[in-house]
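In each ligand, atom 1 is the first atom listed, and ligand 1 is the first ligand listed. Just so it is clear, the structure is predicted and the values come from calculations on it, not from any experiment.
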Amino acid sequence: MSEEIRTSIHGQWSSRMTFILAATGSAVGLGNIWKFPYITGENGGGAFVIVYLLCIAAIGIPIMMAEVMLGRRGRQSPINTMAALAAEEGRPAAWSLLGWLGVVAGFLILSYYSVIAGWALSYVFRAASGMFEGATADGVNSIFSEFISSPESMLAWHTIFMVGTMIVVARGVKNGLERAVVYLMPSLFILLIVLVFYAMSTGYFLEGLRFLFYTDFSKLTPHSVLIAMGHAFFTLSLGMGAIMVYGSYLPKDTSIAKASIMIAVADTLVALLAGMVIFPIVFANNLEPAAGPGLIFQTLPIAFGQMEAGVLIGTLFFVLLVFAAWSSSISLIEPAVAWLVENHGLSRVSASVILGALTWFMGIGSMLSFNIWSDKTLFGMNFFNFLDFLTANIMLPLGGLFIAIFAGWMMKTDSSRKELNTHKKGYNFWLMLVRIVAPVAVMVVFLNVTGVINLD
Ligand code: PFF
């Protein structure tokens, strides 16, 4: 098959810019605003942040380029793309298992992602009702504890979010995914900058910055290095085919390198801005940086309660957070939807409904782990923590490792060079990163954490 005639049956992005926005929409989400601050808090700040930034640059960007490149070359769902490219390169058909790993990871992530997005959704209404006006840290804390102790209301918000995701996915690439992201990402960015100004006014801004950037490597454990690396994959939506499937809708003439760098930079900026908003509020109110998954829900409302126009800004903030989560959640399920359409002849609508229902059901487990199942553990973690650990810290880096190996070692350099279409120096640098740096780094972190080798 000549590659010129290959286009995706699911459609194509209308321009390079819409691809960048959609991929940024996938990357920027709860991972940046909800997860990055709380795992930074739990892992001691500065040194953790540096490892995370290094992982973005040395592992994340090259693997993102590899994923987009594979997707654009294969032009199908990740499962079929991997099968087609393996055949084309004369490699075993088992490479399509990589697509399966991604489908399962996306399903598991979306199941708990939707629960947390449901929290954000319910906070839109709390903020709008003026509930946070003048609230103290204790007041905000008890609002949050009360909320997560009630499975019924959490279930309702999880359901609404899941239905919203399925509606966009069912409408398809152009009508659904593209339209949802064009205005929302820039608005979120602007609102975060407004909040950074508030954080500056707390008198604790420098303390917040110090926590984020002061590097004390003695605080770093092999476990926190694993979490930093896993988060680099999670936040850039890598290792599970989401970016690959978006790449499959990419027109031929786009520079993959430039687009990947822009996406990674935008994603990292949003996370760092979120950190610069949250930690000054944490310190100004004598709160605990290691408060866990509730961190932003226990800190930001204090700010909204104190600031000028806090009801409006708070409401807008949670609205945009929900949209950021929404544009990520659609990419979590897109690889599976595309596969069901390709291989089982289902319409996008039926594929979305079936997958949405399954994911919704799975989400109930995470939802209950914040209340009635909080003492039920798997490997010492509650169900939500277990799923998050398994997907972000094991499945995504593993997927990324194999993507790097396939793009770097299994594909002929002629094929990858042609698809990436960059100048020779840039190409060689990328090749060195996907062949050696990224795989070795992922393996060292894995081995170090299992205790097989110990770098301490
Ligand atoms: N990158 C998203 C976030 O940071 O919230 C989460 C995510 C989306 C992870 C899509 C993986 C993925 F494939």
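Of the protein's heavy atoms, Phe234 O, 3.3 Å lies nearest to atom 9 (C) of ligand 1. At the top of the distance list for atom 5 (O) of ligand 1, counting protein heavy atoms only, stands Tyr113 OH, 2.5 Å. In this structure, atom 13 (F) of ligand 1 lies nearest to the protein heavy atom Met240 SD, 2.9 Å. Among all protein heavy atoms, the one lying closest to atom 12 (C) of ligand 1 is Leu332 CD2, 3.3 Å. Shortest contact from atom 8 (C) of ligand 1 to any protein heavy atom: Ser237 OG, 3.3 Å.
With atom 3 (C) of ligand 1 as the reference point, the heavy atom nearest to it among Ala27, Gly239, Ala325 is part of Ala27.
The pair Lys252-Glu419 meets the salt-bridge criterion, with a side-chain N (NZ, NE, NH1 or NH2) lying under 4.0 Å from an Asp/Glu carboxylate O. The existence of a salt bridge linking Glu42 and Lys35 is excluded, since no basic side-chain nitrogen approaches an acidic carboxylate oxygen closer than 4.0 Å.
A donor-acceptor contact shorter than 3.5 Å is absent between the side chain of Asn80 and the backbone of Gln76.
No cation-pi contact links Lys376 to Phe383, judged by a cut-off of 6.0 Å to the six-membered ring centre and 45° from its axis.
Applying the 4.0 Å criterion to heavy atoms of Ser26 picks out, from ligand 1, the atoms 1 (N), 2 (C), 8 (C), 10 (C). Distances below 4.0 Å separate heavy atoms of Leu30 from the following atoms of ligand 1: 5 (O).
Checked by atom type, the side-chain pair Ser347/Ser350 shows a donor-acceptor distance below 3.5 Å.
Taking the six-membered ring for Trp and the full ring otherwise, Trp119 and His158 have centroids separated by 6.0 Å or more.
Residue Leu236 has no nitrogen or oxygen atom sitting less than 3.5 Å from a nitrogen or oxygen atom of ligand 1, judged on distance alone.
The environment of CZ in Phe402 is sparse: at most 12 heavy-atom neighbours from other residues, nucleotides or ligands sit within 6.0 Å.
Look at Ser331 and you'll find a heavy atom under 4.0 Å from some atom of ligand 1.
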